[in-house]
Number of protein chains: 2
Amino acid sequence: MATSTVSRALRGLPGVSKATRVRIRKIAADLGYQASPSASRLATGVTGTVAVVVPDATKWFFGQVISGAGSAIRAAGRDVLLYELGDSEGRRRFFSQQVLRGRADAVMVLSLSLTQQEAGMLQALNLPVVLLGHSSEYFGSVRVDERAAARTAVGHLVDLGHRRIGLIGIDDEREATAGSAAPPSRVAGSRQSLLAAGIPLEDALQQFGPNSVDGGAAAMERLLSAPVPPTGVFVSSDEMAFGAMEAARAAGLDIPRDMSLVGFDNHDLARVMDLTTIDQDVRGQGAAAAELLLRALEPPGSGAARQTRIINTHLVKRGTTSAPATAATRSARPSRKTRQQP
Amino acid sequence: MATSTVSRALRGLPGVSKATRVRIRKIAADLGYQASPSASRLATGVTGTVAVVVPDATKWFFGQVISGAGSAIRAAGRDVLLYELGDSEGRRRFFSQQVLRGRADAVMVLSLSLTQQEAGMLQALNLPVVLLGHSSEYFGSVRVDERAAARTAVGHLVDLGHRRIGLIGIDDEREATAGSAAPPSRVAGSRQSLLAAGIPLEDALQQFGPNSVDGGAAAMERLLSAPVPPTGVFVSSDEMAFGAMEAARAAGLDIPRDMSLVGFDNHDLARVMDLTTIDQDVRGQGAAAAELLLRALEPPGSGAARQTRIINTHLVKRGTTSAPATAATRSARPSRKTRQQP
DNA sequence: CTGAAAGCGCTTACAG
DNA sequence: CTGAAAGCGCTTACAG
């Protein structure tokens, strides 16, 4: 029994008689023998590993992607190497040294707007790369139609009768999450929607901040200090929307009577917070990105990874949106909290 | 320039003249040369990788641990291999085949109450193992003093004057999270506290369910259907507490007037939900577990991983707890939502 | 269908 | 301090 025969038998390659295959497998099972990963890697040049690069593993969004992508990757018999960038220093380190070299067969990069050099470095790796949440001319990507989703969100506010509509966008430049940002098209889509409704854009009604509860609260506070504050706000993430709700209530506003809010994500807790939001099947996006990569790793898989897959979104109407209060109802009705009313 | 000299120079081993070391490093930098990980692994038997095993990467708790442990592991120049168990089938697969064999130098296992066989399999790996959130006679562990924390939580309710106190515990046996469970000692601590206050235990006031918003809501519904429902409840996780809040409000109760709630975790959103809870520095627990493992991997590191590290907890008082309403105030004051009142 | 041999790219005694 | 050689445990043409 030469090692070559054992190798072929265990991997199910042709050229081994059924009898010896069975015998070898039985012995291997009895002995608990497994081929050494390091040795196979060296011999084949294949690591059997997919790297998942995230800005911050503590964010709900990334947890969903890691889980969705991870289960697809594991189902394909491959390992998940997790790279968390952390801060901008971590991002620099990751992209300057070729950390992934020889450690993964494919790379998934989440929610990063890549600079020219960063894209170049990823290409130099000469591995299938798929982006999630952003697109690039160089790599495949999975994302939602940000424009359409934003139009739906803002359109919902317009349909309810709102005319002063604020926008809270993501801008993490001063943040630990390494410059991760929601696609600018999300903001662009909102603007389109406002213009289509004949609502003029106002700088004071567009605020940006880091993607966190506190970032959303701060942005809402800025919106409320506008000469004429908005009656409805589209917030680029649910976490920011939670903060915005908190800030609006702290300012004595009733939601949705004095302030309507639409989020983005359909976070696990959006239902509890009774937040109207855009669902964007984040887990599904992770799985789709993994599939693109796995397909690129299949035998024929040349550039199969270089595709764009668009995931559907839909509006989930909940209790944070309603028609704006008229001046009359505003003073007539006593301020009362509403979201827990069954 | 023999490969052996290059190898020594690049790894900073002694026995290389300063001149050649400098020259070799310069050339390597110019060429962007890096030693092949697969080849070094095969030659040394060291993978430079730490495996982190989690039941479910989408849970807030695990995201925090992954982040805290991951950044310590990465800072030590090692890679993070992420294993998400998913469902009980995934758990079975993980523990039956020796998936980690030859893929990691150390293993961190989160929030799993290990069976005898599972512990045996981990030991057979012959690698440093550290548990997080559970302890075991066989492995090192990082956790909080569950009993003390639970006593603090329940003690807070007792101090406020509550005498009918409910308990919501975690029991994921029917759940996808692979039997992850909060330590039984958390429940035990609560019971101690009740007994110390002279409050008899009642089965109807102890409910268990999966660690999720829905699990918490369902458990609260069961508590509310008790002959005499509790006026205060200690919930074993913040996510469950969010669900419990929702269910209590849906039943027309005002929090904290009709129902006080103490959670466990100090989840990112606990502040927004104004939830009184036990903070248990989850990120710090992850970092501590990583340090235990990293220390065990150091040259002298024999059984350094086999320690128990206890992380401090503290009560964070917020708006979901107050003295129980007396019968008088209960009918006198109109039902009103309170948490947003600044 | 089976086996012997070379090679993957490092590291580590061992000589010099 | 430097280099030549063996070895880590696989896989893959190549012979038989």
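Proteins get letters first, then strands, A, B, ... in listed order; numbering begins at 1 in each.
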Short side-chain to backbone donor-acceptor contact, [X] and [Y], under 3.5 Å:
X      : Y      : value
A:R74  : B:E84  : yes
A:N211 : A:I170 : no
B:T49  : B:T47  : yes
B:R78  : B:I73  : no
B:R103 : B:V99  : yes

key: Option from A:F62, A:F94, A:F95 for which ring-ring contact (aromatic ring centres under 6.0 Å, His included) with A:Y83 holds   =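 Going through the options one by one, the only one that passes is A:F94.
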
Do [X] and [Y] have side-chain N/O donor and acceptor atoms under 3.5 Å apart?
X      : Y      : answer
A:S7   : A:R11  : yes
A:S67  : A:R283 : yes
B:T20  : B:S17  : yes
A:Q280 : A:Q285 : yes

inquiry  = Within the 4.0 Å heavy-atom criterion, would you say B:S4 contacts the bases, only the backbone, or no part of the nucleic acid?
reply    =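 Since a base atom lies under 4.0 Å of B:S4, the category is base.
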
message = What's A:R8 touching, base or sugar-phosphate or nothing? Going by heavy atoms closer than 4.0 Å.
response =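 The residue A:R8 makes base contact.
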
request  = Could you pull out all residues at least two apart from B:D265 that satisfy salt bridge (charged side-chain N to carboxylate O under 4.0 Å, His left out)?
outcome  =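 Counting only residues at least two positions away or on another chain, B:D265 forms no salt bridge (charged side-chain N to carboxylate O under 4.0 Å, His left out).
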
key: ring pair (Phe, Tyr, Trp, His ring centres under 6.0 Å): pairs with one or both residues in residues 8-45 of chain A, sequence neighbours excluded   =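 Residue pairs with at least one partner in residues 8-45 of chain A: there are none.
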
key: Dot-bracket line, read 5' to 3' along DNA chain C, where crossing pairs take [ ] and | marks a partner on another strand, Watson-Crick or G-U under 3.5 Å   = |||.||||||||.|||

task = Starting from the 5' end of DNA chain D, give me the residue, B:A2 or A:S7, whose nearest nucleotide shows up first.
result =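 Taking each residue's closest nucleotide, the earlier one in sequence belongs to B:A2.
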
message = I need the B:L110 CG to B:L131 CG distance, nearest 0.5 Å.
response =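 So the gap between those two atoms works out to 9.0 Å.
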
query = Contacts to DNA chain C from residues 25-34 of chain A, heavy-atom cutoff under 4.0 Å, which residues?
reply =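 When residues 25-34 of chain A is checked for heavy atoms under 4.0 Å from DNA chain C, there are no hits whatsoever.
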
request  = Would you grab the first and last nucleotide of DNA chain C (5' to 3') that comes under 4.0 Å of any non-hydrogen atom in chain A?
outcome  =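 Extent of the interface on DNA chain C: C:dC1 to C:dG9.
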
query = Looking at residues 11-21 of chain A, who's got a heavy atom less than 4.0 Å off DNA chain D?
reply =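 Correct list: A:R11.
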
